[in-house]
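To keep things clear, I will list the structure first and then write my remarks on it.
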Amino acid sequence: MPMNDELWQDFCSISTDPPDRRSKCEQCKRPMVVCWCVSLPNPKIETKSSIVILQHPAEEKRSLRTALMLQLGLAPGKCTVYKGKRFPSAKNHAELEPILSSPNSLLLYPSKGSVAIETIASATANKSHAEYTLVLIDGTWPQAKSIYASSPALHSMRQVKLIAVGVSDYIIRTQPTEGCLSTLETAAQSLAVLEGRPDLRDILVKPLHTLCKYQLENGAVEHQSKEYRIRNKQYPKQIGKRLNRLLNYSTICGMDADENIIDARERIEQNT
């Protein structure tokens with residue numbers, strides 16, 4: 001069918017130039033209108049201890065990540081991210097192996113042999129030279145357990161856990177359980193304990209508050225944890241009796257039931 005003059009004029013008026021894209025922040029890589037860099041500490045936080053994040057490759061695909069907030073909030077060299085499913089790997093062995101084998105490196109992982117990080121801090125409270133490298137695994141609980149299982153170097157490390165974790169401030173993302181924190185919150189709270197500086201957590205987590213504020217203003221909604229929704233009969237999927245018992249047991253026993261908490265979190269993840 002021949003094109004009439006009006007359609008032809010409309011066709012000719014279409015621009016051949018690509019559409020303008022929203023400008024992005026050079027630091028956080030977010031669109032400028034939702035950049036959270038204004039909430040970063042200035043100057044950056046200088047600490048005695050440092051953070052090493054072992055990040056599962058799938059975390060790169062998440063649009064809302066918090067590890068970068070930690071990197072930008074701490075002084076240069078105080079937070080390093082390694083990506084992979086097994087550590088150390090051939091790619092990073094020379095750099096990472098000495099860190100993982102150091103007696104001053106602590107793996108934040110709630111295993112049966114882990115101790116409260118507060119006990120480490122108390123033991124070195126009067127040692128001004130005490131410097132630790134805190135190693136975190138960044139991923140879902142199944143991913144974290146897989147990384148740990150496939151990385152023998154992690155098994156021989158001193159392992160620590162957080163006791164009073166509270167509820168996550170990452171309210172726009174569904175957490176598996178009430179005591180599950182984002183990577184940023186976990187690292188910030190751990191540093192606050194190791195450094196003896198309770199204010200560190202609030203300072204480092206400010207960008208997360210700003211991110212959540214922007215998202216809520218643009219249509220996002222607050223998320224309750226899966227554990228909360230299960231307990232209040234709001235979870236849309238069927239949960240087995242075993243999982244319910246584990247959740248109830250973890251509430252009664254608190255952080256002493258670490259293995260049950262891990263198992264419960266993994267089962268919740270697998271049911272989504």
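Because the structure is predicted, anything quoted here is derived from the model rather than measured. What you see below is based on every heavy atom in this structure, not just the backbone, and it leaves out hydrogens, waters and symmetry mates.
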Handout entry: Chi angles and distances behind the side chain to side chain contact (heavy atoms under 4.5 Å, CB included) call for L162, Q189
Key = CA-CA 8 Å; L162 283 170; Q189 191 160 329; 4.2 Å; yes
Handout entry: Trace of the side chain to side chain contact (heavy atoms under 4.5 Å, CB included) decision for K91 with Y82
Key = CA-CA 10 Å; K91 183 178 180 180; Y82 295 91; over 6 Å; no
Handout entry: Check against side chain to side chain contact (heavy atoms under 4.5 Å, CB included), T210 and V34
Key = CA-CA 9 Å; T210 299; V34 289; over 6 Å; no
Practice task
With side chain to side chain contact (heavy atoms under 4.5 Å, CB included) as the test, would you mind laying out the steps for T66 and L211 before giving the verdict?
Solution key: CA-CA 10 Å; T66 64; L211 168 65; 5.6 Å; no
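With rounding to the nearest 0.5 angstrom, the CG atom of D138 is 4.5 Å from the CD atom of E59. Within the model, atoms CG of L134 and CG of L107 stand 8.5 Å from one another, a figure rounded to the nearest 0.5 Å. Distance CD1/I137 to OG1/T186: 12.0 Å, rounded to 0.5 Å. From L100, atom CG reaches atom NE2 of H93 across 9.0 Å, with rounding to the nearest 0.5 Å. From L106, atom CG reaches atom OG of S190 across 9.5 Å, with rounding to the nearest 0.5 Å. Distance check: Y132 OH to L194 CG gives 7.5 Å after rounding to the nearest 0.5 Å.
Here the side chains of L136 and T183 are in contact, with some heavy-atom distance below 4.5 Å. The closest side-chain heavy-atom distance from R30 to K24 is not below 4.5 Å. Inter-residue side-chain proximity for L74 and T47 is flagged as met; some heavy-atom pair is nearer than 4.5 Å. Residues V160 and I120 form a side-chain contact, since some pair of their non-hydrogen atoms from C-beta on lies under 4.5 Å apart. Contact of the P57 side chain with the K85 side chain is registered, since non-hydrogen atoms from C-beta on lie closer than 4.5 Å. Under the 4.5 Å side-chain criterion, counting only non-hydrogen atoms from C-beta, K48 is in contact with E195.
The two atoms that bring I147 and L54 nearest to each other are CD1-O, 4.4 Å, heavy atoms only. Between E131 and N104, the shortest heavy-atom contact is O-ND2, 3.2 Å. Among all heavy-atom pairs drawn from Q143 and A58, the shortest one is NE2-CB, 3.6 Å. Here the shortest heavy-atom pairing between G73 and P41 reads O-CG, 3.3 Å. The shortest heavy-atom contact between Q27 and K44 is OE1-NZ, 4.2 Å. Between M69 and L40, the shortest heavy-atom contact is O-CD2, 3.9 Å.
Distance alone, capped at 3.5 Å, is enough to place a donor-acceptor pair between the T119 side chain and the A116 backbone. Of the possible polar contacts, one joining the N92 side chain to the S89 backbone as a donor-acceptor pair under 3.5 Å is found. S101 places a side-chain N or O within 3.5 Å of a backbone atom of E97 that can act as its donor or acceptor partner.
Partners of Q71 according to the side chain to side chain contact (heavy atoms under 4.5 Å, CB included) rule, which considers only residues two or more places apart in sequence or in another chain, are L68, C79, V81. Residues satisfying the side chain to side chain contact (heavy atoms under 4.5 Å, CB included) test with R86, not counting sequence neighbours, are S150, S151, P152. Listed by chain and residue number, Y148 satisfy the ring pair (Phe, Tyr, Trp, His ring centres under 6.0 Å) test with H155 (two or more places apart in sequence, or in another chain).
Using a 4.0 Å cut-off between charged nitrogen and carboxylate oxygen, R201 and E185 count as a salt-bridge pair.
For K206, the NZ atom sits in a loose shell: 12 or fewer heavy atoms of surrounding residues, nucleotides or ligands are nearer than 6.0 Å.
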